[in-house]
Amino acid sequence: IKESLFGCLVLAFLQGFTMNRNKREKEYYSIDVGDSTFTVLKRYQNLRPIGSGAQGIVCSAYDHNLERNVAIKKLSRPFQNQTHAKRAYRELVLMKCVNHKNIIGLLNVFTPQKTLEEFQDVYLVMELMDANLCQVIQMELDHERLSYLLYQMLCGIKHLHAAGIIHRDLKPSNIVVKSDCTLKILDFGLARTAATGLLMTPYVVTRYYRAPEVILGMGYQANVDIWAVGCIMAEMVRHKILFPGRDYIDQWNKVIEQLGTPSQDFLMKLNQSVRTYVENRPRYAGYSFEKLFPDVLFPADSDHNKLKASQARDLLSKMLVIDASKRISVDEALQHPYINVWYDPTEVEAVSNPPPMITDKQLDEREHTVEEWKELIYKEVLDWEERTKNGVIRGQPASIAQVQQ
Ligand code: AMP
């Protein structure tokens, strides 16, 4: 009796397994998008390419379950090398636990492959936005819209900082907006131990928005992200990239030509070889902010607008400061007269959603083989499936809990 009962159980298990497998196969379909093939759950229909980045292609789609449009990003073999793997893992873990209206939210994660051995691609389903900031930069914005976009960037950055994430790589292509002027940050920037410059894709990394302390390899603090906000604000006003360097050297030239050679006490903070290089550049006096950002760049048809233009220029002059110790902080920027008109404590302090603190050790200081990365990323995908099955969408990811043990 025991043997036949065991036999029945094994048979039932195998049948169940085959049924699940067949069901899973039927849940997916493949469609070509540009040079790539997306294999997605059938609930996602009407896929159209909307963008591409270092990690791959992003599509818009209609989600029949949620009855709304979504964005789907395909990460192709994200474990293929250290750089890709670290970024994909970091993004997956952080997106799962950060919850703020100015940071892109994750709606679903899946892989069409059925086992770890077959595992290839991860699909991230996110809220769909209308455009990235590169497209907005072309537009003539009034002060209301410009200051509201900046306010939201600062709220998102403040929330990231509260979670222990200093971005260091904010740029217009990683910030998305909707036509109602709402804004979200798309990614989590550079890992502290990121192998910059060694990215093994033909994709060109944009470095125009990186702060002097990143360009010059110095230590940095939270207001490193204010520099990028300053560069983005300047570009929205000028409709031209502020410091369009071909490389870091050219970029440093662009910075000092406009802002002037920094003072001796800044140079003393550089390491010897960088200091020698910086000291040997021609000396520049730089231009005043009135010259760099003259009135004609701002809407100025009323007294109200004149006041706003001078406030905007004042904010630019406090953000675009080479020496980070003299640069405005995120909190100070949120209190600046150009920005604080929008101040809402629930958005700024996000009291209802305190972010979990994520330390470097848990994420950035991880070195793994390709096989280990593959397993770690696969586990994060399965963990998502498990948690959403139980109706839990956000919370501490399984892997962090494991690392802490
Ligand atoms: P990424 O691979 O995250 O750097 O995204 C590349 C581009 O895809 C972005 O610059 C956006 O133009 C677009 N994009 C990514 N995610 C979204 C989204 N959730 N909504 C709208 N567009 C997006």
Side-chain angles (χ1 to χ4, degrees), residues 33-36 38 40 44 46-63 66 68-81 83-96 98-110 121-139 149 152-153 156-157 160 165 167-191 194 196 199-210 228 231-232 235-236 241 377 393:
V33 191
D35 294 340
S36 178
F38 271 56
V40 297
Y44 303 113
N46 220 4
L47 270 68
R48 305 222 189 294
I50 52 166
S52 64
Q55 295 162 294
I57 293 180
V58 183
C59 282
S60 66
Y62 183 74
D63 179 352
L66 293 180
R68 63 188 261 199
N69 290 321
V70 294
I72 306 181
K73 177 152 91 174
K74 178 182 179 182
L75 310 181
S76 301
R77 294 180 57 79
F79 44 83
Q80 61 189 287
N81 62 47
T83 312
H84 272 91
K86 201 178 246 188
R87 174 154 181 195
Y89 181 72
R90 205 167 172 268
E91 180 162 308
L92 198 51
V93 170
L94 294 178
M95 258 186 154
K96 276 159 92 175
V98 171
N99 182 14
H100 186 272
K101 66 203 268 189
N102 301 122
I103 311 288
I104 201 79
L106 197 55
L107 299 172
N108 199 5
V109 180
F110 62 85
D121 308 317
V122 178
Y123 293 84
L124 303 178
V125 184
M126 302 163 279
E127 304 158 84
L128 178 68
M129 304 291 281
D130 293 326
N132 69 29
L133 222 55
C134 305
Q135 291 147 289
V136 177
I137 280 165
Q138 318 296 325
M139 300 175 185
L149 291 173
Q152 294 175 86
M153 268 179 235
I157 292 170
L160 290 181
I165 304 161
H167 196 294
R168 291 188 297 146
D169 200 26
L170 281 165
K171 50 185 122 181
S173 60
N174 289 341
I175 298 173
V176 277
V177 292
K178 262 194 177 159
S179 53
D180 63 1
C181 218
T182 52
L183 171 149
K184 292 179 198 281
I185 297 171
L186 269 185
D187 74 330
F188 301 94
L190 301 177
T196 47
L199 213 81
M200 290 166 75
T201 71
Y203 182 81
V204 180
V205 180
T206 308
R207 296 195 171 88
Y208 308 139
Y209 308 89
R210 293 194 181 163
C231 295
I232 294 170
E235 195 170 327
M236 288 166 115
I241 297 163
I377 295 171
I393 307 267

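Atom set for the values below is all heavy atoms of this structure, side chains included, hydrogens, waters and symmetry mates excluded. Remember, it's 1-based here, ligands and their atoms both numbered in the order they're listed.
Checking side-chain atoms of D121 against main-chain N and O of R77 turns up a donor-acceptor pair under 3.5 Å.
Between E127 and K178 there is no salt bridge, since no side-chain N of the basic residue sits under 4.0 Å from a carboxylate O of the acidic one.
Side-chain contact annotation: E235 with Y209, donor-acceptor N/O pair under 3.5 Å present.
Close contacts of ligand 1 with S52, meaning ligand atoms under 4.0 Å from a residue heavy atom, involve 6 (C), 7 (C). Within ligand 1, the atoms closer than 4.0 Å to a non-hydrogen atom of K73 are 1 (P), 2 (O), 3 (O), numbered from 1 in the order shown. Interface atoms of ligand 1 facing N174, defined by a heavy-atom separation under 4.0 Å, are 4 (O). Within ligand 1, counting atoms from 1 as listed, the ones closer than 4.0 Å to a heavy atom of I104 are 19 (N).
You'll find the side chain of L75 stays beyond 4.5 Å of the side chain of L92, heavy atoms only.
C59 approaches V33 most closely through the heavy-atom pair SG-CG1, 3.4 Å.
By the 4.0 Å heavy-atom criterion, I50 is counted among the residues contacting ligand 1.
For the side-chain contact (heavy atoms from CB on, under 4.5 Å) test, no residue two or more places apart in sequence or in another chain qualifies with D35.
The shortest N/O to N/O separation between S173 and ligand 1 falls below 3.5 Å. Polar contact with ligand 1: present for N132 (N/O pair, distance under 3.5 Å).
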